[in-house]
Amino acid sequence: MTRNKELWIELVGAALEQLVKDKGLDAGSFAPEQLQTEVPPNPELGDLAFPMFPFAKVFRSAPPAIAEAVVELLPEEHRSAVTTAGGYLNIRFNRAGLVQETLKAVQEQGEAYGSSKAGAGVRVMIEFSCPNTNKPLHLGHLRNDALGESTARILSFAGADVRKVNLINDRGVHICKSMLAYLKFGNGATPESSGLKSDHFVGDYYVRYNQWAAEDPSAEPAAKEMLRAWEQGDPETLELWKLMNKWAIDGIWETYRRTHVSFDAVYYESETYLLGKAEVLKGLASGAFYQDPDNSVWADLSDIDLDKKVLLRSDGTSLYLTQDIGTAITRHNDWPFDRMVYVVASEQIYHFKVLFHVIKKLGHDWAANLHHLSYGMVNLPEGKMKSREGTVVDADKLLDELTELAAGEIREKAREDAVGDVRATAEKIALGALHYYLLQTTPNKDMIFNPEASLAFSGNTGPYLQYTGARISSMLAKAQAQGYRLDAEFDAGELNLDSEWDLVRRIAEFPSLVAAAAENYNPSALTGYLYELAKSFSGYYHDVPVLQAGTEEQRAARIALCVAVRRTLANGLQLIGVPFLESM
RNA sequence: GCGCCCGUAGCUCAGCUGGAUAGAGCGUCGGACUUCGAAUCCGCAGGUCACAGGUUCGAAUCCUGUCGGGCGUACCA
């Protein structure tokens, strides 16, 4: 497909250069780079279009006339593929050749179809999730996780050497709050004794603390006092901290497993929070930063039109920004990356702008390769999620509800026997619905999470894609049962329906879509693509018999097409965290 | 106040580096299961692309301004 495009760009470019000569114009009045291409809005017009409007002025002639003139200048043997319409020059590709080429490529590459070596050797570190250990994951984390995991898979598929990292926020006054409430109200209970998932168990004490603090002014200073004890290494405090952190982290990891999220390295803030201080002092020594009379250390950011920023408090202690400086430098030493992506909500845009600049001021050129993949807030139809009003959507609970609903759907359709393990299948459908819903929206934008819509399994949803895959699978299984091979030779010339060309065209586009998604860190480019692929196939499936095709040759070719659709769909779904299902 | 982001159908969202009649899903209404899975397919209706200027042969897309919404602007994280 790309090769065809390039061939035509060359041909048309040469024709235009010839036209320049014929008209006796300056050679500089046309440069091949000016040539633009697009896809005609209607397939009947062709497969590739060149607008001639930009050249009207140069040639002092109307675009349609230029188009006609260009056709005359094209090599004889290529002219039959060209038509003109308005100011456009439309090209129709040799479809049979492309069909053959595309389906072969899928057949040969299999699970690797769509991958590339474009990013080969590029080391990308991607940080995401970064939970607190005082409460379970909620809907906001789910968007973060989906984005991070998916982006990592896409980058990796595009050839990069990817390292996924998590930074657990396991220290600070908010952690002490749940510990304090546990001491005061826990009576030695454990997750086991109370029958709760361990991170929820911890989270309940955090809620309990806030209730208590609302009535009792002594709660706040007690929490601060506990933090002080923790920082001084008080054994009892540390022991409780370890216990409750383990509960929280174990529970959080259960949710990761459930959502198919994983990490290559995990950093703990309790181990990294002191790292930045030395770097900041180095910066002070080198003159990158300055010190106030009260001993606080500052960065002057007027060179990027920002104010100034504290890097060390007057008592010498670190801040959030300080830690991030240290963590970044440590990570770059641990695993020298070419690029680093931080998947963090858009509220922190300013923070990262400052962080990257400060790292640059410290003399690290790689600061230019740091990227904040910022994503918008997840809101509810009623408005923002508010923990105080209890409207925060809990991740586990949401997954349970989705799973229950999917299981109900399976039972209602009497598919229990066909799917085998109802629970496991329902869980995968739930995950498909959730991830697709979260990745559908452009990362940058805020989104509204409508629980009812996310629970829907029809229309533009994850389960729709899964269903399409399941139907193809079921049909192909039937084909095999009837003795047909899925990797048999076929004659591409048998696939001459417009609907078949439409499918092939989309399949052929897949690799470039993956590459674009990788380049822009944007999984939503794939969700839209996969939906259209599935929709196109659903129409085909409805209208065109495959197993009952008119001839053996036709059947073989159509089976090959279905195999390629399924492969592309499966590879794409993997990238957006939607489990592929043989049966549902 | 200043900075960043967003504003497309009743609702939720697409719309690639500007290009041919602005697209989906949901919802409404109406069709299609003796046929490879109806979690499907097909059709009808629904738009001043927030508003006003500008650049361009051509603007939802780029620039400026206005209005509306979100976020940020801590010796919090």
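Below, read A as the first sequence line, B as the second, and so on, with proteins coming before strands; counting in each chain starts at 1. Only this structure's heavy atoms are used, side chains among them; waters, hydrogens and symmetry mates stay out.
Residues satisfying the side-chain hydrogen bond (donor to acceptor under 3.5 Å, both in side chains) test with A:Asn210, not counting sequence neighbours, are none.
A close approach under 4.0 Å does occur between a side-chain nitrogen or oxygen of A:Tyr467 and OP1 or OP2 of B:A39. Between A:Tyr464 and B:C41, a side-chain N or O to OP1/OP2 separation shorter than 4.0 Å is present. Distances shown here put a side-chain N or O of A:Tyr541 below 4.0 Å from the OP1 or OP2 atom of B:G37. Phosphate proximity of B:C36 to A:Arg555: absent, as no side-chain N or O sits under 4.0 Å from OP1 or OP2. A sub-4.0 Å separation between OP1 or OP2 of B:A14 and a side-chain N or O of A:Thr442 is present. Regarding contacts with the backbone of B:A20, every side-chain N or O of A:Asn42 stays at 4.0 angstrom or more from both OP1 and OP2. Contact between the side-chain N/O atoms of A:Lys309 and the OP1/OP2 oxygens of B:A74 is not found at any separation under 4.0 Å. At the phosphate of B:G70, neither OP1 nor OP2 sits under 4.0 Å from any side-chain N or O atom of A:Lys445. A:Ser346 has no side-chain polar atom (N or O) that falls below the 4.0 Å cut-off from OP1 or OP2 of B:C5.
Checking B:C75, B:A39, B:A77 against every side-chain atom of A:Val310, the shortest atom distance belongs to B:C75. The listed nucleotides are B:G37, B:A39, B:A20; the one nearest the side chain of A:Met475 is B:G37. Picking from B:C13, B:U40, B:A24 the nucleotide with the shortest atom distance to the side chain of A:Tyr531 gives B:A24. With distances taken from any side-chain atom of A:Thr441 to the nucleotides B:A14, B:G37, B:A39, the minimum falls on B:A14. Closest contact between the side chain of A:Asn444 and the listed nucleotides B:C5, B:A24, B:G37 involves B:C5. Among the nucleotides B:C13, B:C75, B:A39, the one closest to the side chain of A:Asp294 is B:C75. Checking B:C71, B:G70, B:A77 against the side-chain heavy atoms of A:Asp446 singles out B:G70 as nearest.
Taking syn as a glycosidic angle within 90° of 0, B:C33 qualifies as syn.
A salt bridge does not link A:Lys224 to A:Glu231: none of the charged nitrogens lies less than 4.0 Å from a carboxylate oxygen. Electrostatic pairing of A:Glu271 and A:Arg171 does not count as a salt bridge here, judged by no charged N lying under 4.0 Å from a carboxylate O.
Residue A:Met447 is classed as a sugar-phosphate contact, given heavy-atom separations below 4.0 Å to backbone atoms only. At a threshold of 4.0 angstrom between heavy atoms, the contacts of A:Ala456 with the nucleic acid are absent. Nucleic acid contact class of A:Glu38 (heavy atoms, under 4.0 Å, all strands): base. Nucleic acid contact class of A:Ala470 (heavy atoms, under 4.0 Å, all strands): base. Contact annotation for A:Lys535: backbone-only contact, meaning every heavy-atom pair under 4.0 Å involves sugar-phosphate atoms and none involves a base. When heavy atoms are screened at a 4.0 angstrom cut-off, A:Ile472 is found touching no nucleic acid atom at all. Using a 4.0 Å heavy-atom distance criterion, A:Pro54 is classed as a base contact. Within 4.0 Å (heavy atoms only), A:Ser524 reaches no atom of the nucleic acid at all.
Rounded to a whole angstrom, the distance from the P atom of B:G27 to that of B:G65 is 43 Å. B:C62 and B:C16 are spaced 15 Å apart, taking the C1' atom of each and rounding to whole Å. Spacing of C1' atoms, B:G15 relative to B:A60, comes out at 8 Å, to the nearest Å.
Centroid-to-centroid, the aromatic rings of A:Phe449 and A:Tyr437 come within less than 6.0 Å.
In this structure, A:Asp315 and A:Gly86 both approach RNA chain B, and ranking their closest nucleotides by distance from the 5' end singles out A:Gly86. The 5' end of RNA chain B is approached more closely, in terms of each residue's nearest nucleotide, by A:Leu547 than by the other of A:His542 and A:Leu547.
Defined by atom type and a distance below 3.5 Å, a donor-acceptor pair is present between the side-chain atoms of A:Gln348 and A:Tyr320. Side-chain polar atoms of A:Tyr375 and A:Arg143 form no donor-acceptor pair below 3.5 angstrom. Between A:Asp170 and A:Thr133, the side chains place no donor N or O within less than 3.5 Å of an acceptor N or O (distance only, hydrogens not considered).
Checking B:G72 for Watson-Crick or G-U wobble geometry (two distances, each under 3.5 Å) identifies B:C2 as its partner. Pairing for B:A24 goes to B:U12, judged as Watson-Crick or G-U wobble with the two contacts each under 3.5 Å. Figure legend. B:C67 is base-paired to B:G7; pairs are counted as Watson-Crick or G-U wobble with both atom distances under 3.5 Å. Across every strand in view, B:G18 sits unpaired, with no contact that passes the Watson-Crick or G-U test at under 3.5 angstrom. Shown here, B:U40 forms a base pair with B:A32; the pair counts as Watson-Crick or G-U wobble because both key distances fall under 3.5 Å. With both pairing distances under 3.5 Å, B:U56 is matched to nothing as a Watson-Crick or G-U wobble pair. The partner of B:G47 is absent, by the rule that a Watson-Crick or G-U pair needs both atom distances under 3.5 Å.
Rounded to an integer number of Å, the gap from CD1 of A:Ile325 to P of B:C75 is 14 Å. The interatomic distance linking A:Lys413 (NZ) with B:A38 (P) rounds to 11 Å, in whole Å. Rounded to an integer number of Å, the gap from OH of A:Tyr540 to C1' of B:C42 is 18 Å. Computed from coordinates, the A:Arg506 CZ to B:A24 P distance equals 11 Å when rounded to whole Å.
Residue-to-nucleotide contacts include a donor-acceptor pair under 3.5 Å from the side chain of A:Asn90 to the base of B:A20. For B:C75, the base has a donor-acceptor partner in the side chain of A:Ser314 [N/O atoms by modelled type, under 3.5 angstrom].
With rounding to the nearest 0.5 angstrom, the CG atom of A:Leu497 is 9.5 Å from the CG atom of A:Asp543.
Under a cut-off of 6.0 angstrom, the local environment of CD in A:Glu519 is sparse, with at most 12 non-hydrogen atoms contributed by other residues, nucleotides or ligands.
RNA chain B is contacted by A:Asn169 of residues 168-177 of chain A, taking any non-hydrogen atom closer than 4.0 Å.
Within the 4.5 Å cutoff, side-chain heavy atoms of A:Thr151 are placed close to those of A:Pro523.
Legend: salt bridge (Lys or Arg N to Asp or Glu O under 4.0 Å) pairs involving residues 299-319 of chain A, not counting sequence neighbours, sorted by first then second residue: A:Asp303-A:Lys361.
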